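To start, the structure under review is shown below, and the notes come after it.
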Amino acid sequence: QVQLVESGGRVVQAGASLRLSCAASGRTSAVEAMGWFRHAPGKEREFVSGISWISGDTYTDDSVKGRFTIFRDNVKNTLYLEMSSLKPEGTAVYYCAARQYEAVVVLATMYDYWGQGTQVTVSS
């Protein structure tokens with residue numbers, strides 16, 4: 001089993017920056033890719049960005065590309081999401097997820113482990 005714990009979410013004003021963290025523990029050797037998803041009220045959960053834990057290759061959704069950056073610290077087993085120029089539509093619960101295959105995929109059902117989420121609220 002792999003445990004994921006997100007942190008860093010809070011209330012910020014539009015235009016602000018914020019860094020989310022996701023600490024992985026347990027059987028982390030089984031993790032080969034991780035991703036960030038978000039779930040806004042009244043909307044479906046959507047993929048934000050993902051990274052191969054082995055190669056470091058990333059894939060980011062066009063809606064946040066250029067503003068959000070995903071990166072990892074292999075030593076600390078921690079995933080990060082650096083968010084800048086936040087917009088009110090970015091208000092959501094942000095989840096990190098891990099999968100046991102290297103390819104970064106956008107389908108939430110393809111991820112094996114999930115954190116509990118961290119709330120990000122962007123006020124206008």
Side-chain angles (χ1 to χ4, degrees):
Q1 286 288 338
V2 176
Q3 293 78 43
L4 303 173
V5 179
E6 303 97 331
S7 61
R10 60 184 177 93
V11 179
V12 296
Q13 289 191 329
S17 298
L18 193 62
R19 177 181 291 184
L20 304 182
S21 301
C22 173
S25 61
R27 194 166 167 260
T28 56
S29 60
V31 174
E32 298 200 3
M34 295 186 71
W36 286 98
F37 290 77
R38 63 186 180 185
H39 192 183
K43 297 184 178 180
E44 293 190 356
R45 181 170 45 185
E46 63 177 1
F47 173 84
V48 176
S49 188
I51 187 168
S52 164
W53 209 252
I54 299 173
S55 68
D57 291 342
T58 63
Y59 177 75
T60 300
D61 188 79
D62 287 344
S63 64
V64 301
K65 191 174 292 182
R67 298 188 297 116
F68 290 14
T69 302
I70 189 171
F71 60 100
R72 77 215 193 283
D73 184 325
N74 290 40
V75 175
K76 295 182 178 180
N77 286 325
T78 301
L79 178 72
Y80 301 94
L81 184 67
E82 187 76 38
M83 305 184 292
S84 63
S85 302
L86 282 162
K87 303 177 181 180
E89 51 264 40
T91 295
V93 177
Y94 284 71
Y95 297 90
C96 74
R99 65 192 305 261
Q100 299 178 63
Y101 300 93
E102 185 179 358
V104 174
V105 296
V106 302
L107 289 176
T109 55
M110 301 296 286
Y111 288 79
D112 305 297
Y113 306 102
W114 290 84
Q116 83 290 347
T118 186
Q119 176 71 48
V120 174
T121 302
V122 185
S123 62
S124 58

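If you read the sequence from its start, that first residue is 1, and numbering goes on from there. Predicted model, so just to flag it, every value in this text is computed and none were measured.
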Separation between CH2 of W36 and CD1 of I51, rounded to the nearest 0.5 Å
12.0 Å
Yes or no on side-chain contact (heavy atoms from CB on, under 4.5 Å) for E82 and R19, after CA distance, side-chain angles and deciding distance?
CA-CA 4 Å; E82 187 76 38; R19 177 181 291 184; 2.5 Å; yes
To the nearest 0.5 Å, how far apart are CH2 in W53 and CD in Q100?
14.5 Å
Side-chain touch D61/F68, heavy atoms, less than 4.5 angstrom:
no
Near Q13 CD, under 6.0 Å, is it more than 12 heavy atoms from other residues, nucleotides or ligands?
no
Starting at OG of S63, measure out to NZ of K87 and round the result to the nearest 0.5 Å.
8.5 Å
With a 4.5 Å heavy-atom cut-off, do E6 and L20 have their side chains touching?
no
In terms of side-chain geometry, is the basic nitrogen of R99 or E32 positioned less than 4.0 Å from the acidic oxygen of its partner?
no
Work out which heavy atom in S85 is nearest to a heavy atom in S17; give both atom names and the distance.
N-OG, 4.4 Å
Does Y95 share a hydrophobic cluster with V105, counting links as ILVMFWY side-chain heavy atoms below 4.5 Å and allowing steps through other members?
yes
Under 3.5 Å, side chain of T121 to main-chain N/O of T91, donor-acceptor pair present?
no
Roughly how far, to the nearest 0.5 Å, is the CG atom of L18 from the OG1 atom of T118?
8.0 Å
Rounded to the nearest 0.5 angstrom, the OG1-CZ distance for T78 and R72 is 12.0 Å
Can you give me the closest heavy-atom contact between S124 and A14, atom names plus distance?
CA-CB, 4.4 Å
Of the non-hydrogen atoms in V122 and G90, which two are nearest, and what is the gap between them?
CG2-C, 4.3 Å
Are the side chains of V120 and R38 in contact, using a 4.5 Å heavy-atom criterion?
no
Is any side-chain heavy atom of K43 closer than 4.5 Å to one of P41?
no
Among the clusters formed by ILVMFWY side chains lying less than 4.5 Å apart, do V48 and M110 turn up in the same one?
no
On a heavy-atom basis, the closest approach of A16 and V12 is CB-CB, 3.9 Å
To the nearest 0.5 angstrom, please state how far the CD atom of Q116 sits from the SG atom of C96.
8.0 Å
State whether the number of non-hydrogen atoms from other residues, nucleotides or ligands found under 6.0 Å of K65 atom NZ is greater than 12.
yes
Does one hydrophobic cluster hold both I70 and V2, with members joined at side-chain heavy-atom distances below 4.5 Å?
yes
Report yes or no: do V93 and L81 belong to one cluster of Ile/Leu/Val/Met/Phe/Trp/Tyr joined by side chain heavy-atom distances under 4.5 Å?
no
For the student: nearest non-hydrogen atoms of A24 and L4, plus distance:
CB-CD2, 3.7 Å
Centroid separation Y80 to F71 less than 6.0 Å
yes
Look at the aromatic rings of Y111 and F37 and report parallel, tilted or perpendicular, splitting at 30° and 60°.
perpendicular
Heavy-atom closest contact (C22 atom, M34 atom, distance):
SG-CE, 4.0 Å
